[in-house]
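Taking it in order: structure first as C-alpha cells, then the write-up.
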Amino acid sequence: MAGKIPQHFIDDLLARVDIVDLVDSRVKLRKTGKNYSACCPFHDEKTPSFTVSPDKQFYYCFGCGANGNAIGFLMDYDRLGFPEAVEKLAASQGLEVPREQPSPGQEKRQREALSLYQLTEQAADFYRDQLRNHPAAGPAVAYLRNRGVSGEIARDFGIGLAPPGWDNLLNALGTTPQKADLLEQAGLAIRRQDSDGRTEPGRRHHYDRFRNRIIFPIRDQRGRTIAFGGRVLGDEKPKYLNSPETPIFHKGRELYGLWEARQANRDLARLIVVEGYMDVVALAQFGIRCAVATLGTACGEDHIQLAFRHTQELVFCFDGDRAGRAAARRALEAALPHMQDGRSLRFLLLPEGEDPDTLVRQLGGARFNQLLDEQARPLEDFLFDLLGEGISLQTMDGRARLSKLAAPLLDLLPEGVYRQLMFQQLAARTGLDRDTLQEVIIAEKARTAQTQPQPPEPPPARDPGQTSAEAEAPPPEHHVPAPPQPRRRGQHRLPTERMLIALLLHHPHLAQQIDDSDYFRQRGHPDLALFADLVDLLKSRPDYNLNQLLGYWRAHHGADSCEILARLAASQLVSGVRHLAQGDEKLEYDPAAEFNDCLQRLELAARKQRNRDVLAQLKASGGQLSAEQLALLANWRKRE
C-alpha cells in the first residue's frame with residue numbers, strides 16, 4: 001500500500017522544476033520585465049492578466065484569481081490530484097517518487113478506506129447486474145424507458161436496481177458478520193434496532209438500506225463509487241433516499257454527475273446545477289452532458305468551490321416554486337464570496353410545476369440550451385430583483401430598505417472589478433454613494449452582532465492578592481516588541497489577521513518574533529489559527545521560500561487552505577508590493593514595523609473586548625458595586 005510522499009522530496013522537486021518552463025510547455029509565455037505573461041488558460045480573456053514569476057516560482061491571474069506553484073498548475077491545468085501531479089512532475093525530471101511507511105494508525109485507516117471503496121464498487125456492480133437480470137426488474141426498466149433513458153446513458157451513469165426484499169445485497173456481499181458490519185460502515189446496510197450485536201445461528205442483525213429502488217451511483221472526482229442514491233418504485237417514503245455520511249462520503253463536498261460531465265467534456269464551458277438525479281440523467285439523454293446536482297442538501301460553499309475548479313460559469317436551474325426560489329437564494333449567498341473576476345453565475349427559475357427533466361423532454365436539447373442562453377439571468381440582475389420584490393424604488397423608504405438588504409451581501413464579494421461594478425449598480429438603484437453604503441454595511445454588521453451576541457470570554461485567573469484594577473491590566477506583551485507605527489500614506493490594508501499571514505508569506509523570517517503561537521490559536525479566530533500554524537511551520541523550516549511553503553501546505557492542509565495562502569501571497573499587501581512584482585527592489589514599507597503594528601492592533605482590540613466584558617459584568621451586578629468597582633467604572637467611562 002502506497003504511503004505518503006515525503007515532504008523533503010516535494011521540496012527538492014519544486015527546487016528542481018522551473019515553473020516558467022512548465023507553464024510555457026502548455027501556455028505560450030512572453031517576457032514582460034522580470035516576469036512572464038500570457039492570456040489566462042483558466043478563463044477567457046483578450047488582454048493578458050496571467051503572470052508567472054521566475055523569482056517566486058509562482059503564478060497568478062489578476063483576472064480570475066488562479067494561483068499557485070508548479071504542482072498547483074499541473075493540478076489545475078491537467079486536472080490531476082495532488083499525488084498524480086507530483087508523479088507527473090517527478091517523471092519530467094527523471095525522478096521516482098518515494099513513499100513513506102505509514103504509521104500503524106494511518107495504515108489501518110487506509111486499509112479501511114480501501115475496503116470501503118472496494119465494497120461500494122462491488123455494490124455498484126451488483127445493482128447494475130440486478131437491473132439486467134433480476135426477475136423483478138421489469139417495473140424499473142419500464143420506468144427508465146418511459147423517462148426516455150437509453151441503455152447508453154444508463155451505462156454511462158452506472159444506473160442499477162435494488163430489488164424488492166430485505167437482504168439481497170447482504171446475501172451477496174455481507175455473508176459474514178464482519179462483512180455485514182462493513183456494509184453498515186459503507187452506509188449500505190442498517191443494523192436492526194433489536195440487535196444486541198451477538199451472532200446467533202439463523203438470526204440476521206442487518207437489513208439492506210436500499211430496497212425496491214432504482215439506484216444512481218455517486219462517484220467522486222476520480223471516478224470511484226463512494227455512495228448511492230435511490231429512487232423508489234413503489235409508494236414508500238421518502239421518494240429519494242441517499243447514502244448517509246461515511247468515512248469516504250461527505251455529501252456537502254460532492255456533486256452528482258461531475259465525474260460524468262468531465263468524462264464527456266475536455267473543457268467544461270459551464271456547469272448546470274439542478275436539484276435531482278433524474279434531472280442530470282435526462283439532460284445527458286438530450287446531449288447536455290454538463291449538469292450536476294447536490295445530494296439532498298442545499299448548495300453550499302464547498303459545492304461552489306468544487307464547481308468553479310472545473311469551469312468559470314455556473315447556471316442554476318431550479319423549479320420556480322417557493323422551494324426552488326429559496327434554494328436559488330441559498331446558492332446565491334454561498335457563491336458570493338467566490339465570485340472572482342472572470343467567473344459567471346446565472347439563474348433560470350422554471351415555470352411552476354416544471355423541472356429540467358420534464359422540460360427538456362418537451363423542448364429537446366437544442367431548445368433547452370437556447371432557453372439557458374437567452375433567459376438565464378446573470379447574478380447582478382437576479383440578486384437585485386430577488387431582494388427588490390415588494391420594494392418600490394420610487395420612495396426613499398424603498399431605496400433605504402434595498403440598500404440594507406443588498407449592501408451586506410455585496411460585501412461578501414472578493415476584492416476586484418466585479419465587486420466595484422456591483423456596488424456601482426446598487427448606488428445607481430438607490431442613489432446612495434459608496435461611503436454611505438459602507439456605513440450601511442457597518443451598521444448592519446453591528447445590528448447582527450447585537451442580535452446574536454457571542455458569549456464573553458471568562459476573565460483571566462486572578463492572584464489572591466491582586467486588586468480588580470490590577471487584574472484588568474493587559475498581560476505582558478512578550479510577543480509585541482514595538483509600539484504601534486503610524487499608518488503610511490497610500491497604504492492598502494487587509495484585515496489585521498490576514499495582513500499578518502500575508503506578511504509572513506513575503507517575509508518568513510518574521511515568524512521568529514512570535515514566542516507563543518498558541519496565544520493566537522486560542523483566540524478562536526480561523527485566520528489567527530491559520531497564522532499560528534504558519535508560524536509553527538516557518539519556525540521549524542526557516543529556510544522555506546514561498547514556493548516550498550505552498551507545496552507543503554497543499555500536501556498537508558489541502559487545496560482550499562492552500563488557495564487562501566496563494567491568494568494572500570498574490571494580493572497587493574501594502575504600497576510597494578506592486579513595484580516589487582515589477583522588479584523594483586525599493587520597497588516603500590518596513591515589513592517588521594508593519595508586522596509589529598498588526599500585533600499591537602490585535603492586542604488593543606483584545607484589551608477593548610476585555611474592558612467591555614468587565615463593564616457588562618459590572619452592569620449586571622444590579623448596582624451592588626464596591627468602591628473599587630465604581631472607580632474602575634468611572635475610569636472606563638472617562639476613557640470612552
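Computation of the quantities below employed the complete heavy-atom set of this structure, encompassing side-chain atoms and omitting hydrogens, waters and symmetry-equivalent molecules. Just so you know, residue 1 is the first one in the sequence shown, and it goes up from there.
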Less than 4.5 Å apart, side chain to side chain, heavy atoms only: is that true for [X] and [Y]?
X    : Y    : value
L565 : I501 : yes
L530 : F520 : no
L426 : M422 : no
Y256 : V274 : no
L538 : L549 : yes
L534 : L505 : yes
E603 : L599 : no
L332 : F316 : no

How about [atom1] on [X], more than 12 heavy atoms from neighbouring residues, nucleotides or ligands closer than 6.0 Å, or not?
X   : atom1 : answer
E96 : CD    : no
R26 : CZ    : yes
K31 : NZ    : yes

Mind checking what makes side chain to side chain donor-acceptor pair (under 3.5 Å) contact with [X], not counting sequence neighbours?
X    : answer
D543 : none
W553 : S561
R329 : E333

Any carboxylate oxygen within less than 4.0 angstrom of a Lys/Arg side-chain nitrogen, looking at [X] and [Y]?
X    : Y    : value
D76  : R309 : no
E260 : R289 : no
D373 : R270 : yes
R498 : E415 : no
D341 : R419 : no

Donor-acceptor under 3.5 Å (D518 side chain, R521 main chain): no
Quick check: closest heavy atoms across [X] and [Y], and the distance to 0.1 Å?
X    : Y    : value
T311 : L268 : OG1-O, 2.9 Å
F50  : C39  : CB-C, 4.2 Å
R219 : E254 : O-OE1, 4.4 Å
L271 : A261 : CD2-CB, 4.3 Å

Whether F62 and Y60 hold their rings parallel, tilted or perpendicular, with breakpoints at 30° and 60°: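 If you compare the ring of F62 with that of Y60, the planes turn out perpendicular.
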Over-ring placement of R343 relative to F308, 6.0 Å and 45° cut-offs: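 The answer is yes; both the distance and angle limits are met.
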Ring-face cation of R224 near Y117 (centre distance under 6.0 Å, axis angle within 45°):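 Yes - R224 lies over the ring of Y117, closer than 6.0 Å to its centre and within 45° of its axis.
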Derivation and outcome, side chain to side chain donor-acceptor pair (under 3.5 Å), residues N35 and T51: CA-CA 7 Å; N35 298 326; T51 300; 5.9 Å; no
Worked verdict on Y59 versus N69 for side chain to side chain donor-acceptor pair (under 3.5 Å): CA-CA 6 Å; Y59 72 90; N69 59 10; over 6 Å; no
Side chain to side chain donor-acceptor pair (under 3.5 Å) assessment of H310 paired with Q221: CA-CA 11 Å; H310 301 283; Q221 295 181 69; 3.1 Å; yes
Stepwise side chain to side chain donor-acceptor pair (under 3.5 Å) check, Q7 with D11: CA-CA 6 Å; Q7 185 60 43; D11 295 342; 2.9 Å; yes
From OG1 (T430) to CD (Q425), nearest 0.5 Å: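 Going from the OG1 atom of T430 to the CD atom of Q425 covers 11.0 Å.
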Residue pair Q340 / Y418, side-chain donor-acceptor N/O under 3.5 Å: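 Looking only at side-chain atoms, Y418 and Q340 do not form any donor-acceptor pair under 3.5 Å.
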